Structure formats: structure tokens, C-alpha cells
Amino acid sequence: MEYNPDGLKWLFRAFDRMHHNCLKAELKKRGLREASHPVILFALKHEIKDMLASQKEIADAIGISPPTAAISIKRMEKAGLLCKIPDEQDTRRKLITLTEKGIQLINECELAFEKVDQGMLTGFTAAEIEQLKMFYLRMINNLETMGAQPPAQLKRSI
């Protein structure tokens, strides 16, 4: 990709990197480095019935591969944020759930994300935010047409 600071492609990538770095800095300030994939915690708390899911169900819910989910789950389990419990219907299968520490961490993550998102949208009107949302939904639709798999929670909200 050619460097063109006025080009939309370059601006999109710069925005993505800057947003990621701001979120990372907020998480670090709060001592939340253990959450290598905080969206797993969000999905368990808000999207998954009874906060119990298999590794594959979590991966599907947030739109990542099961191996990627496995690595993050293992890290977060080691950090005491998640734990595995036997499935009552199939004792060979383990389900993942949040620990008390994981619930506390997700509450802190939500505060950090809200701070970044509010700061990022400072100066935008409600109409501009709605227009931006529509642009993102169109880009997501285009990516889905190209074969990208959106997270399950996004599918439900559209």
C-alpha cells in the first residue's frame, strides 16, 4: 500500500491502529493486560445464555477461529478470569464461564471502552454518528459479501 495520508485506505488503517492503541492504553492503565481478547469476556457476560459456552460457541459468537479462541481462553484461565466446568449433558465436554475476577475485569473493560469511544466521538452530532453507523454497516455488508464472517452478536443487531 502506497503511503498517502489523504487517502481513505491509509486513514482507515491509521484510525484502526490508533483506536486499538487507545483501548490498549486504557486497559493497561487499569491493570487489565490479562484480557488478551476482552471481547470473549463481553460475549460470555452479555451474549451467551447463563454465561456458559464451549470454546467453539465463543469463537463463533465473536467471529474468531477456534484456535485463536483457545489461546486467549487458556491465557485468561491462567489469569483466573475464566474457568472450565464439565457440561452436565456431556461430561466429556467442558464449558467456559467467567470467574468473579473475570466479571470484575469486564466491568472495568466496559468503563475503559466507553471512555475511548466517548472521546473518539467528541464533537460529532447525533446525525453524524448515525450516518457513520450506516457507513460501517454498509462496509460490513460488503465484507460479508466477500466472505468475511461477522460476529454473531452483530448479525443479531442488524
Side-chain angles (χ1 to χ4, degrees), residues 1 3-53 55 57-84 96-141 143-144 148-158:
M1 178 174 75
Y3 171 75
N4 177 1
D6 295 326
L8 182 60
K9 292 176 209 170
W10 187 88
L11 290 172
F12 189 74
R13 284 174 180 74
F15 163 80
D16 183 54
R17 181 61 19 216
M18 292 170 72
H19 183 257
H20 176 81
N21 288 341
C22 282
L23 289 175
K24 208 167 147 182
E26 275 301 313
L27 293 175
K28 185 177 179 182
K29 267 198 280 191
R30 293 163 164 33
L32 305 175
R33 281 190 257 167
E34 303 109 327
S36 59
H37 232 102
V39 74
I40 288 173
L41 302 175
F42 275 90
L44 277 168
K45 184 178 177 197
H46 297 292
E47 300 293 328
I48 295 174
K49 187 178 187 278
D50 299 325
M51 293 193 293
L52 285 169
Q55 185 174 292
E57 290 167 333
I58 290 171
D60 290 345
I62 63 173
I64 62 174
S65 72
T68 299
I71 292 167
S72 293
I73 289 167
K74 190 173 188 175
R75 265 192 215 127
M76 289 190 279
E77 186 179 18
K78 188 175 179 179
L81 305 175
L82 302 174
C83 65
K84 292 180 181 174
I96 293 126
T97 191
L98 290 166
T99 63
E100 195 58 42
K101 182 179 177 183
I103 291 169
Q104 290 172 350
L105 186 123
I106 194 62
N107 292 338
E108 283 292 318
C109 282
E110 288 170 340
L111 293 173
F113 291 178
E114 185 62 29
K115 180 181 178 186
V116 171
D117 290 347
Q118 282 181 354
M120 176 180 71
L121 295 171
T122 298
F124 283 80
T125 66
E128 289 170 330
I129 291 170
E130 193 56 35
Q131 186 178 24
L132 183 60
K133 179 182 170 186
M134 296 310 298
F135 289 147
Y136 270 101
L137 289 172
R138 282 175 42 199
M139 288 187 290
I140 287 167
N141 185 53
L143 290 169
E144 194 171 4
Q149 181 68 34
Q153 61 208 39
L154 180 64
K155 286 181 181 178
R156 287 192 301 272
S157 68
I158 298 178

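All values below were derived from every heavy atom in this structure, side-chain atoms included, with hydrogens, water molecules and symmetry-related copies excluded. On a predicted model such as this, the values are computed, not experimentally measured, just so you know.
L98 contributes atom CG, which lies 9.0 Å from atom CE of M76 (distance to the nearest 0.5 angstrom). The line from CD1 of I73 to CD1 of I96 is 4.0 Å long, rounded to the nearest 0.5 Å. Interatomic distance, CG of L41 versus CD of E108, reported as 12.5 Å (0.5 Å rounding). Taking OG from S72 and CD1 from I58, the interatomic distance works out to 10.5 Å, rounded to the nearest 0.5 Å. For the atom pair SG (C109) and CG (L81), the distance works out to 9.0 Å, reported to the nearest 0.5 Å. Atom-to-atom distance recorded for L82:CG and T97:OG1 is 8.0 Å, nearest 0.5 angstrom.
A salt bridge does not link K74 with E77: every distance from a Lys NZ or Arg NE/NH1/NH2 to an Asp or Glu carboxylate oxygen is 4.0 Å or more.
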Requested in this report: Start with the C-alpha gap between E114 and Q118, add the side-chain angles, then the distance that decides, and say whether side chain to side chain donor-acceptor pair (under 3.5 Å) holds.
Outcome: CA-CA 6 Å; E114 185 62 29; Q118 282 181 354; 3.0 Å; yes
Query raised in the report: Going through the checks in order, is the side-chain contact (heavy atoms from CB on, under 4.5 Å) test met by L44 and I106?
Result: CA-CA 10 Å; L44 277 168; I106 194 62; over 6 Å; no
Query raised in the report: What's the verdict on side-chain contact (heavy atoms from CB on, under 4.5 Å) for K133 and I129, showing C-alpha distance, side-chain angles and the deciding distance?
Result: CA-CA 6 Å; K133 179 182 170 186; I129 291 170; 5.6 Å; no
Requested in this report: Evaluate the criterion side-chain contact (heavy atoms from CB on, under 4.5 Å) for residue pair F42 and E110; output intermediate values, then yes/no.
Outcome: CA-CA 8 Å; F42 275 90; E110 288 170 340; 3.3 Å; yes
Requested in this report: Give the C-alpha distance, both sets of side-chain angles, the deciding distance and a yes or no for side-chain contact (heavy atoms from CB on, under 4.5 Å) between E57 and D60.
Outcome: CA-CA 5 Å; E57 290 167 333; D60 290 345; 5.8 Å; no
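Counting heavy-atom neighbours within 6.0 Å of M18 CE, excluding the residue itself, gives a total of 12 or less.
Ring-plane geometry between F15 and H19 is classed as parallel, the angle between the planes falling under 30 degrees on a 0 to 90 degree scale with a further cut at 60.
Minimum heavy-atom separation, I48 to A61: CD1-CB, 4.5 Å. Residues A70 and Q55 approach most closely at CB-NE2, 3.3 Å, considering heavy atoms. Here the shortest heavy-atom pairing between A69 and A59 reads CB-CB, 3.9 Å.
When atom types are taken as modelled, the side chain of T122 and the backbone of G119 share a donor-acceptor pair closer than 3.5 angstrom. Under a 3.5 Å cut-off, the side chain of R75 and the backbone N or O of I71 do not form any donor-acceptor pair.
Considering R138, Q131, E130 in turn, E130 is the only one that fulfils the side chain to side chain contact (heavy atoms under 4.5 Å, CB included) rule with M134.
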